[in-house]
Number of protein chains: 2
Amino acid sequence: MPRTPNDAATPRRRTTIYDIARTAGVSAAAVSLALNQPGRLSADSERRILAVADELGYRANPFARAVATGTTQLIGLLVHDSANPVFAGAVRGVTDAAAKVGYTVVVSDTHDLATPVTTILERLLPLVDGAVSCSARVTPEALATVGGTPIVLVNREVAGRDSVIPDVRAATRAAIELLVGRGHRDLGFIAGPQDSWLSGYRLALLEREVAASAARLQVVASVEPTIDGGREALAQLEGRCTAVLTFNDLIAFGVLLEARDRGLRVPEDLSVVGFDDTFAAVLVTPALTTISTELEQASRLATVRLLAGLGHPNSDPDARIEGRLTVRDSVGAGPHR
Amino acid sequence: MPRTPNDAATPRRRTTIYDIARTAGVSAAAVSLALNQPGRLSADSERRILAVADELGYRANPFARAVATGTTQLIGLLVHDSANPVFAGAVRGVTDAAAKVGYTVVVSDTHDLATPVTTILERLLPLVDGAVSCSARVTPEALATVGGTPIVLVNREVAGRDSVIPDVRAATRAAIELLVGRGHRDLGFIAGPQDSWLSGYRLALLEREVAASAARLQVVASVEPTIDGGREALAQLEGRCTAVLTFNDLIAFGVLLEARDRGLRVPEDLSVVGFDDTFAAVLVTPALTTISTELEQASRLATVRLLAGLGHPNSDPDARIEGRLTVRDSVGAGPHR
DNA sequence: TTGAAAGCGCTAACAG
DNA sequence: CTGTTAGCGCTTTCAA
C-alpha cells in the first residue's frame, strides 16, 4: 500500500470516546450512553461528559458505529443519468425525506455503460441501510444478484420489491384529448431504449387512451433518452404522424432542435408532447407541452416508504402521486379540424 | 431504538470471513490475505479460500474494513445545487476520476439553506477520505470548523487549501472583444449572490478586460443564480446597458425569458452572454453565447489532485484548464457600429 | 447510576 | 508461508 494519508504534518488521530472518558474520569461506556441516550446517566455526569466531548471537538466515527450496530444511517439513491434535469428532482426528494430522520444520502449515477450495474449495486448497497432506485438500469436481473438490502423502486415494477409509480393515466388521457381535439389523428410515439420498462409503461398507457379515441398511434422510433436521441428520431417521423409524444423531455428537445434545423415548423407542421416537465420545457421555443411525472414527489415517497420499513415511520407512506399535463405552445392544430 | 431492519423473514446475517475460514479450514487472517493480497498465500489455499468465499456469496463489510484501516475508499463531492445542470458535469468528472482508482463518490447538495453548511460538512467528512467542493457555500469560515479531512476546492481560493480554478481570462477577453467589436460600449454584469467568491472573481476578470477596451462595465444587479434570479434582474437593466453578461447560464435564461415577456428583443435590443455553457444554452432562442467554465474537467482535476494526496497518483495533477467562448445568437450589433 | 467486558467484521503485526 | 493475537472505535448486555 502506498504512503498513508497522514504523511505530512497532519496530527490526524481523532478524539475518541476513550479520550473523553479519560479526561472526564468515567468509562467509555458512560460516554457512549451520554452521547446517545440522553437522560440515561445522572444529569451531572451527562453534562460533564458532553462538555468534555465538545471541548475536545469530538466527532463520532460513523464506521465504528456501523460495525457495532449494523446500521449506517445512510441510504442510497440510484439515478439513471444525472445530466437529465429530471433527476435533480429525485435527489431533492430523497434528500429531503432522508434528512427528516437524520439519514444521509449517497447518490450513484448508473449512466456509465462501461460499469455493469451489478458492480454499482455491489459497491453502493453494502454501504447503506436501504436504497431508492430511479434508474432504468436497475433491472430485475440486476436486483436478483444483490443481497438483502431493501430497495424501493421508482417507475419500475419488480416482483417482490416495493415500488412507486406516479399515476400519469389521467394526464396521458388529457394529452390525447388535447391532440385529438386539436385535429390530430395520426400520433407517433418516440420510445426510449427498447429495454426500458418505463418507456413500455408509458406506451401502454398511451395505447390504451388512444384506443378509446378517434386517433391512431404508432411507435415511430426507439432512441436513447437524450437530446441527440431526439434529433435522430425526427428523421423517422416524416409523413407518419402530425403529432408526436416522446418518452421524455430530452427527446422532445432534440426533436424541436432538429425540426428547426430541417425547416420543419413546430407546432404548425408537427406537434410535440414530452414527459417529465423539466425546467427547460419553458426554455425552448415553442415552449414544450409536457406531462409532469413528479419524480421529486415520487422519490420522496419512495424514501418515506423505505425508511418506514427501516423503522422510521414518517409522513404518509400511502400517498398517491399523479402526473399533470401542462399545455404550452408545442401543440397546434392538426389536419382534421 | 425501533424495530430492527430484519424483523420479517429476513435471514439477514451476512457471511463473514469467519464463516469462510471455518468452512475452508483456515484462519480468518488467511481469508483476509487471500482476499486482499493475491499471491500472499500458497496458490492452493488461495484458490480454495476464494472458491468458498464465492460459494458463500461473501461481500466484504466496508465498515469493518474502514474501522480497521482508517480509510474508506469514499470521496465526497459537494455541489451547490444539483438543479443547476452545470453540476451534473461535476458529478461526472469526480465520479470518473474516482472510479479509476476504485473510489466511490458520495454527493451532497448544499442548496438547502435550512441546513447549515457546517452540518452538511460534519455529516459528510467523517464518511470520506477526502472531498471535492464545488459549492459556493463552502466558505473559509465553514472550512475552518472542519477537521483534517483533505478537501480540494473548485472555483474558490482559500488559504491553505488546494484549489482548481479554470482559467477563463482569455475567454472573458474574447467575450468583451466580441461585444465591443459589435458596437457595444455600455456593458452590464448581473452578479450572483453578494457573497459569492466566484461571482466576484468573474467580475474582477471582466473589469480588467473592460478597462483595456473602449467600453464601460457596471454591475446592474446581484441575484440568486437561478432562472428566477435572472428574471428579477432584467428590470434593473433598462437603459443602463446594451449588452449584459451574467454570472451563470441560469441567470441568462431568466433574462431571456423575462425579456421576451416584456417585449424586449434579444439580441436587437439587448445582447446577452452567460457563463457555464450548460446544455440548455442551445435550447433557448436565441441560442445563448456563453463562456464554458469546464466544471467537469475542473472537478476531474480536483479529484486527481485529491487522490494524489491520498496516495493514489493518477493522471497529471498539474493540467491547466481553460474556458472557451462559444458564440451563438444572443449577441447582436450595438449602437456604436 | 455506572463500569467491565464482550463483540461487530476486518486488518496487520508478529510469531511460528 | 501461515496462523495467532491484538486491536480499530463504538455499542450493549450484564453486574456491581
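Letters A, B, ... are given to chains in the order of the sequence lines, protein chains preceding strands, and every chain is numbered from 1.
- When rounded to the nearest whole Å, the span between CZ of B/F63 and P of D/dT11 equals 14 Å.
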For residues 52-65 of chain A, which side-chain donor-acceptor pairs fall under 3.5 Å, sequence neighbours excluded?
| from | atom 1 | to | atom 2 | distance (Å) |
| --- | --- | --- | --- | --- |
| A/N61 | OD1 | A/F63 | N | 2.8 |
| A/N61 | OD1 | A/A64 | N | 3.1 |
| A/R65 | NH2 | A/N36 | OD1 | 3.4 |

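- Near-neighbour residues of DNA chain D inside residues 44-52 of chain B, defined by a heavy atom below 4.0 Å, number-ordered: B/S45.
- Taking atom CG of A/N61 as the reference point, atom P of C/dG9 lies 17 Å away to the nearest angstrom.
- Annotation: proximity of residues 28-41 of chain A to DNA chain C (heavy atom, distance under 4.0 Å) is found for A/A29, A/A30, A/R40, A/L41, numbered in ascending order.
- Residues B/T139 and B/R156 form a side-chain contact, since some pair of their non-hydrogen atoms from C-beta on lies under 4.5 Å apart.
- Where A/A68 and A/S27 meet DNA chain C, the nucleotide closest to each residue was compared, and A/S27 sits on the side nearer the 5' end.
- Rounded to whole Å, the distance from CD1 on A/I20 to C1' on D/dT11 is 14 Å.
- If you take CD on B/Q73 and CG on B/D129, they are separated by 6.5 Å, rounding to the nearest 0.5 Å.
- Summary of helix geometry: the two end axes of the helix from C/dT1-D/dA16 to C/dG16-D/dC1, each defined by five base pairs via their C1' atoms, are inclined to each other by 40° (rounded to 10°).
- Legend: residues meeting salt bridge (Lys or Arg N to Asp or Glu O under 4.0 Å) with B/D44, ordered by chain and number and at least two apart, are B/R47.
- Applying a 4.0 Å cut-off to non-hydrogen atoms, none of the residues of residues 98-106 of chain A approaches DNA chain C.
- In terms of heavy atoms, A/E46 sits closest to A/G39 at OE1-N, 2.7 Å.
- In this structure, CG in A/L198 is found 4.5 Å from CG in A/N155, a value given to the nearest 0.5 Å.
- Classified by interplanar angle (parallel below 30°, tilted 30° to 60°, perpendicular above 60°), the ring pair B/F87/B/H80 is tilted.
- One finds a side-chain N or O of A/S42 lying less than 4.0 angstrom from the OP1 or OP2 phosphate oxygen of C/dT2.
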**Q.** Residues B/I151, B/L125; criterion side chain to side chain contact (heavy atoms under 4.5 Å, CB included); working and verdict
**A.** CA-CA 9 Å; B/I151 301 183; B/L125 297 185; 4.0 Å; yes
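- Ion pair B/R92/A/D81 flagged as a salt bridge, since at least one NZ, NE, NH1 or NH2 atom sits closer than 4.0 Å to an Asp/Glu carboxylate oxygen.
- Contact check for B/L153 versus B/L143: side-chain heavy atoms found under the 4.5 Å cut-off.
- Heavy atoms only, all atoms of each residue included: A/L77 and A/C134 are closest at CD1-SG, 4.0 Å.
- Contacts of B/A60 with the nucleic acid, taken as non-hydrogen atoms under 4.0 Å apart, involve only primed sugar atoms and P, OP1 or OP2.
- What you find for A/V132 and A/A302 is that their closest heavy atoms are CG1-CB, 4.0 Å.
- Going from atom OH of A/Y58 over to atom C1' of D/dC10 covers 7 Å, rounded to whole Å.
- Annotation: side chain of A/L35 is in contact with side chain of A/I17 (closest heavy-atom distance under 4.5 Å).
- When all heavy atoms of B/P116 and B/A114 are compared, the pair lying nearest together is CD-O, 3.5 Å.
- Straight-line distance from the CZ atom of A/R65 to the P atom of D/dC8: 19 Å, rounded to whole Å.
- Atom pair B/Y18:OH and C/dT11:P shows a separation of 10 Å (rounding to whole Å applied).
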